[in-house]
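Heads up, the thing below is written out as C-alpha coordinates.
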Amino acid sequence: MKLKIEDIKKGFDATKEYLLHPIAALFQSKKISNNKELAQYIRNESAKVVQQTLYEYVRNRMGTLYVKMHDDQKFIDSLNIATWNIYTVALQDLTLYSHSVIENLYKKEFSNLELENFYKEILDAEIEKGLKQELLDDKIKEFHLRLQSTDLRSFFQNKPFKESSLALYYWAPIADELKKQDRNIVLNSIHLKWKNIEKEFSKLLNL
(Lines give C-alpha, C1' and ligand atoms only; values in the text may rest on other atoms or scores of the structure.)
Protein backbone atom coordinates (compact mmCIF):
# COMPACT_ATOMS: atom_id res chain seq x y z
CA MET A 1 0.00 0.00 0.00
CA LYS A 2 2.21 2.83 -1.25
CA LEU A 3 1.47 6.06 0.54
CA LYS A 4 3.79 8.87 -0.50
CA ILE A 5 3.22 12.55 0.10
CA GLU A 6 2.25 12.95 -3.56
CA ASP A 7 -0.39 10.23 -3.17
CA ILE A 8 -1.84 11.91 -0.10
CA LYS A 9 -2.05 15.25 -1.88
CA LYS A 10 -3.80 13.66 -4.82
CA GLY A 11 -6.05 11.72 -2.49
CA PHE A 12 -7.61 14.87 -1.08
CA ASP A 13 -8.88 15.72 -4.55
CA ALA A 14 -9.61 12.20 -5.74
CA THR A 15 -10.98 10.12 -2.92
CA LYS A 16 -12.98 8.02 -5.35
CA GLU A 17 -9.89 6.85 -7.22
CA TYR A 18 -7.97 3.85 -5.96
CA LEU A 19 -4.56 5.44 -5.49
CA LEU A 20 -3.42 2.96 -2.88
CA HIS A 21 -4.09 0.01 -5.19
CA PRO A 22 -4.77 1.30 -8.71
CA ILE A 23 -5.81 -2.11 -10.01
CA ALA A 24 -8.67 -2.36 -7.54
CA ALA A 25 -11.27 -1.17 -10.03
CA LEU A 26 -10.14 -3.72 -12.59
CA PHE A 27 -10.12 -6.53 -10.09
CA GLN A 28 -13.75 -6.08 -9.08
CA SER A 29 -15.00 -7.97 -12.11
CA LYS A 30 -12.75 -10.99 -11.58
CA LYS A 31 -13.74 -14.16 -9.82
CA ILE A 32 -11.80 -15.31 -6.77
CA SER A 33 -10.49 -18.81 -7.35
CA ASN A 34 -7.54 -19.23 -4.97
CA ASN A 35 -5.74 -17.82 -1.95
CA LYS A 36 -3.57 -15.49 -4.00
CA GLU A 37 -6.59 -13.88 -5.62
CA LEU A 38 -8.38 -13.70 -2.29
CA ALA A 39 -5.39 -11.95 -0.69
CA GLN A 40 -5.25 -9.45 -3.56
CA TYR A 41 -8.96 -8.79 -3.25
CA ILE A 42 -8.62 -8.18 0.49
CA ARG A 43 -5.74 -5.76 -0.04
CA ASN A 44 -7.53 -3.86 -2.78
CA GLU A 45 -10.89 -3.54 -1.08
CA SER A 46 -9.43 -2.69 2.33
CA ALA A 47 -7.26 0.00 0.79
CA LYS A 48 -10.19 1.43 -1.13
CA VAL A 49 -12.47 1.57 1.90
CA VAL A 50 -9.81 3.17 4.09
CA GLN A 51 -8.80 5.75 1.53
CA GLN A 52 -12.31 6.78 0.60
CA THR A 53 -13.56 7.11 4.16
CA LEU A 54 -10.47 8.61 5.79
CA TYR A 55 -9.67 11.14 3.06
CA GLU A 56 -13.30 12.07 2.61
CA TYR A 57 -13.73 12.68 6.32
CA VAL A 58 -10.54 14.74 6.63
CA ARG A 59 -11.34 16.78 3.53
CA ASN A 60 -14.91 17.50 4.63
CA ARG A 61 -13.88 18.37 8.18
CA MET A 62 -11.06 20.69 7.16
CA GLY A 63 -12.94 22.43 4.37
CA THR A 64 -10.86 25.05 2.58
CA LEU A 65 -7.97 24.56 5.01
CA TYR A 66 -7.09 21.19 3.51
CA VAL A 67 -5.22 22.87 0.65
CA LYS A 68 -2.82 24.53 3.09
CA MET A 69 -2.22 21.23 4.84
CA HIS A 70 -0.74 19.72 1.69
CA ASP A 71 2.64 21.14 2.67
CA ASP A 72 2.38 20.51 6.41
CA GLN A 73 4.76 17.62 7.02
CA LYS A 74 3.44 16.93 10.52
CA PHE A 75 -0.07 16.58 9.18
CA ILE A 76 1.10 14.38 6.30
CA ASP A 77 2.91 12.16 8.80
CA SER A 78 -0.16 11.90 11.04
CA LEU A 79 -2.32 10.99 8.06
CA ASN A 80 0.21 8.38 7.04
CA ILE A 81 0.18 6.84 10.53
CA ALA A 82 -3.61 6.86 10.59
CA THR A 83 -3.83 5.20 7.19
CA TRP A 84 -1.57 2.30 8.10
CA ASN A 85 -3.25 1.72 11.46
CA ILE A 86 -6.74 1.70 9.96
CA TYR A 87 -5.68 -0.33 6.94
CA THR A 88 -4.10 -3.12 8.99
CA VAL A 89 -7.30 -3.51 11.01
CA ALA A 90 -9.41 -3.39 7.86
CA LEU A 91 -7.30 -6.27 6.54
CA GLN A 92 -8.11 -8.23 9.69
CA ASP A 93 -11.83 -7.60 9.36
CA LEU A 94 -12.00 -8.54 5.70
CA THR A 95 -9.77 -11.57 6.21
CA LEU A 96 -12.11 -12.88 8.90
CA TYR A 97 -15.24 -11.93 7.00
CA SER A 98 -14.15 -13.57 3.74
CA HIS A 99 -13.06 -16.79 5.42
CA SER A 100 -16.24 -16.86 7.48
CA VAL A 101 -18.35 -16.62 4.33
CA ILE A 102 -16.24 -19.26 2.57
CA GLU A 103 -16.50 -21.60 5.53
CA ASN A 104 -20.27 -21.33 5.52
CA LEU A 105 -20.81 -21.53 1.77
CA TYR A 106 -18.29 -24.25 1.01
CA LYS A 107 -18.22 -26.08 4.34
CA LYS A 108 -14.49 -25.51 4.64
CA GLU A 109 -12.75 -25.20 7.97
CA PHE A 110 -9.82 -22.89 8.69
CA SER A 111 -7.50 -23.17 11.66
CA ASN A 112 -6.29 -20.10 13.54
CA LEU A 113 -2.78 -20.82 12.29
CA GLU A 114 -3.98 -20.77 8.68
CA LEU A 115 -5.66 -17.43 9.22
CA GLU A 116 -2.63 -15.98 10.98
CA ASN A 117 -0.32 -17.06 8.18
CA PHE A 118 -2.70 -15.68 5.57
CA TYR A 119 -2.84 -12.30 7.31
CA LYS A 120 0.92 -12.22 7.89
CA GLU A 121 1.63 -12.85 4.21
CA ILE A 122 -0.52 -9.86 3.30
CA LEU A 123 1.33 -7.65 5.79
CA ASP A 124 4.74 -8.93 4.68
CA ALA A 125 3.97 -7.76 1.15
CA GLU A 126 3.32 -4.25 2.50
CA ILE A 127 6.75 -3.83 4.11
CA GLU A 128 8.36 -2.67 0.87
CA LYS A 129 5.53 -0.18 0.45
CA GLY A 130 6.00 1.55 3.77
CA LEU A 131 4.54 -0.63 6.52
CA LYS A 132 6.83 -0.48 9.54
CA GLN A 133 8.06 -3.76 10.96
CA GLU A 134 7.07 -2.69 14.47
CA LEU A 135 3.47 -2.10 13.43
CA LEU A 136 3.43 -5.38 11.51
CA ASP A 137 4.59 -7.28 14.60
CA ASP A 138 2.01 -5.52 16.80
CA LYS A 139 -0.81 -6.33 14.38
CA ILE A 140 0.21 -10.00 14.13
CA LYS A 141 0.00 -10.24 17.92
CA GLU A 142 -3.31 -8.36 17.91
CA PHE A 143 -4.76 -10.67 15.29
CA HIS A 144 -3.54 -13.74 17.20
CA LEU A 145 -5.37 -12.57 20.32
CA ARG A 146 -8.43 -11.63 18.34
CA LEU A 147 -8.70 -15.10 16.88
CA GLN A 148 -8.92 -16.59 20.37
CA SER A 149 -12.35 -15.06 20.86
CA THR A 150 -13.63 -15.28 17.28
CA ASP A 151 -16.21 -17.82 16.13
CA LEU A 152 -15.44 -17.92 12.42
CA ARG A 153 -18.67 -19.72 11.57
CA SER A 154 -20.83 -16.82 12.73
CA PHE A 155 -18.38 -13.95 12.29
CA PHE A 156 -19.88 -12.72 9.03
CA GLN A 157 -23.26 -12.23 10.74
CA ASN A 158 -22.08 -10.27 13.78
CA LYS A 159 -20.90 -6.77 12.82
CA PRO A 160 -17.80 -8.12 11.04
CA PHE A 161 -16.33 -4.68 10.29
CA LYS A 162 -16.79 -3.11 13.70
CA GLU A 163 -13.08 -2.96 14.54
CA SER A 164 -11.99 -1.15 11.39
CA SER A 165 -14.88 1.28 11.81
CA LEU A 166 -13.71 2.10 15.33
CA ALA A 167 -10.12 2.35 14.07
CA LEU A 168 -11.19 4.99 11.54
CA TYR A 169 -12.86 6.99 14.28
CA TYR A 170 -9.88 6.64 16.63
CA TRP A 171 -7.02 7.28 14.21
CA ALA A 172 -8.45 10.02 11.97
CA PRO A 173 -6.18 13.08 12.48
CA ILE A 174 -9.00 15.33 13.63
CA ALA A 175 -9.28 17.03 17.03
CA ASP A 176 -11.05 14.84 19.59
CA GLU A 177 -13.73 17.41 20.36
CA LEU A 178 -14.66 17.52 16.67
CA LYS A 179 -14.58 13.76 16.25
CA LYS A 180 -17.04 13.37 19.11
CA GLN A 181 -19.51 15.46 17.15
CA ASP A 182 -18.88 13.40 14.04
CA ARG A 183 -18.93 9.91 15.54
CA ASN A 184 -22.17 8.70 13.96
CA ILE A 185 -21.35 10.23 10.59
CA VAL A 186 -17.87 8.69 10.52
CA LEU A 187 -19.00 5.25 11.57
CA ASN A 188 -21.92 5.30 9.14
CA SER A 189 -19.68 6.31 6.23
CA ILE A 190 -17.39 3.30 6.58
CA HIS A 191 -20.33 1.04 7.45
CA LEU A 192 -21.90 1.81 4.07
CA LYS A 193 -18.66 1.06 2.22
CA TRP A 194 -18.34 -2.33 3.93
CA LYS A 195 -22.01 -3.07 3.25
CA ASN A 196 -21.33 -2.84 -0.47
CA ILE A 197 -18.59 -5.44 -0.09
CA GLU A 198 -20.87 -7.71 1.92
CA LYS A 199 -23.44 -7.60 -0.86
CA GLU A 200 -20.96 -8.48 -3.59
CA PHE A 201 -18.34 -10.77 -2.05
CA SER A 202 -20.11 -14.12 -2.32
CA LYS A 203 -20.86 -13.42 -6.00
CA LEU A 204 -17.13 -13.20 -6.71
CA LEU A 205 -16.29 -16.63 -5.34
CA ASN A 206 -15.41 -19.45 -7.69
CA LEU A 207 -13.69 -21.90 -5.38
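Computed from a predicted structure; not experimentally measured.
Remark: the Asn117 side chain and the Glu121 side chain contain no N/O donor-acceptor pair separated by less than 3.5 Å.
In this structure, Asn85 contributes its side chain and Ile81 its backbone to a donor-acceptor pair below 3.5 Å. Under a 3.5 Å cut-off, the side chain of Asn80 and the backbone N or O of Ile76 do not form any donor-acceptor pair. Distance alone, capped at 3.5 Å, is enough to place a donor-acceptor pair between the Ser78 side chain and the Phe75 backbone. Without hydrogens or angle criteria, Tyr119 side chain to Thr88 main chain gives a donor-acceptor distance under 3.5 Å. Side chain of Ser46 to main chain of Arg43: no donor-acceptor pair is present (N/O by atom type, distance under 3.5 Å, no hydrogens or angles).
Taken from OG in Ser100 to CG in Leu94, the straight-line distance is 11.5 Å, to the nearest 0.5 Å. To the nearest 0.5 angstrom, Leu123 atom CG is 8.0 Å from Gln92 atom CD. Separation of atoms CG (Leu115) and OG1 (Thr150) is listed at 9.0 Å; rounding is to 0.5 Å. Between atom CG of residue Asn196 and atom CD of residue Glu45 there is a gap of 9.5 Å, rounded to the nearest 0.5 Å. With rounding to the nearest 0.5 Å, the separation of CD1 in Ile122 from CD in Gln40 is 9.0 Å. Note that CD1 of Ile86 and CD of Gln51 are 12.0 Å apart. Values are rounded to the nearest 0.5 Å.
Cluster annotation: Leu105 is connected to Tyr41 through the hydrophobic network of ILVMFWY side chains, with a link wherever side-chain heavy atoms come within less than 4.5 Å. Cluster membership check: Leu96 shares its hydrophobic cluster with Leu207, using side-chain heavy-atom separations under 4.5 Å among Ile, Leu, Val, Met, Phe, Trp and Tyr. There is no path of hydrophobic side-chain contacts, each under 4.5 Å, that joins Leu113 to Leu145.
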Practice problem: Let me see the working for Tyr55 and Leu79 under side chain to side chain contact (heavy atoms under 4.5 Å, CB included), right down to the final yes or no. | Solution: CA-CA 9 Å; Tyr55 287 179; Leu79 188 59; 3.7 Å; yes
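Minimum heavy-atom separation, Leu147 to Asn112: CD1-O, 3.6 Å. Between Asn158 and Ser154, the shortest heavy-atom contact is ND2-O, 3.0 Å. Residues Glu114 and Phe110 approach most closely at OE1-CA, 3.3 Å, considering heavy atoms.
The shortest distance between side-chain heavy atoms of Phe143 and Leu91 does not fall below 4.5 Å. Residues Ile102 and Leu38 are in side-chain contact: their nearest non-hydrogen atoms beyond the backbone lie under 4.5 Å apart. Between Tyr97 and Glu198 there is a side-chain heavy-atom pair separated by less than 4.5 Å.
With Ile197 as the partner, the side chain to side chain contact (heavy atoms under 4.5 Å, CB included) test is satisfied by one option alone out of Ile42, Val49, Leu204: Val49.
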Solution key, residues 134-141 side-chain donor-acceptor pairs under 3.5 Å, sequence neighbours excluded:
| from | atom 1 | to | atom 2 | distance (Å) |
| --- | --- | --- | --- | --- |
| Asp137 | OD1 | Gln133 | NE2 | 2.9 |
| Lys139 | NZ | Glu142 | OE1 | 3.3 |
| Lys139 | NZ | Glu142 | OE2 | 3.3 |

Can you give each donor-acceptor pair under 3.5 Å made by side-chain atoms of residues 163-178, sequence neighbours left out, with the distance rounded to 0.1 Å?
| from | atom 1 | to | atom 2 | distance (Å) |
| --- | --- | --- | --- | --- |
| Ser164 | OG | Asp93 | OD2 | 2.6 |
| Ser164 | OG | Phe161 | O | 3.2 |
| Ser164 | OG | Trp194 | NE1 | 3.1 |
| Ser165 | OG | Phe161 | O | 2.8 |

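Ring geometry, Phe118 versus His99: the interplanar angle exceeds 60°, so the pair is classed perpendicular (tilted spans 30 to 60°).
Summarising the local packing, NZ of Lys120 is surrounded by 12 or fewer heavy atoms from other residues, nucleotides or ligands at distances under 6.0 Å.
Of the charged side-chain nitrogens involved, at least one lies within less than 4.0 Å of a carboxylate oxygen, so that Glu200 and Lys203 count as a salt-bridged pair.
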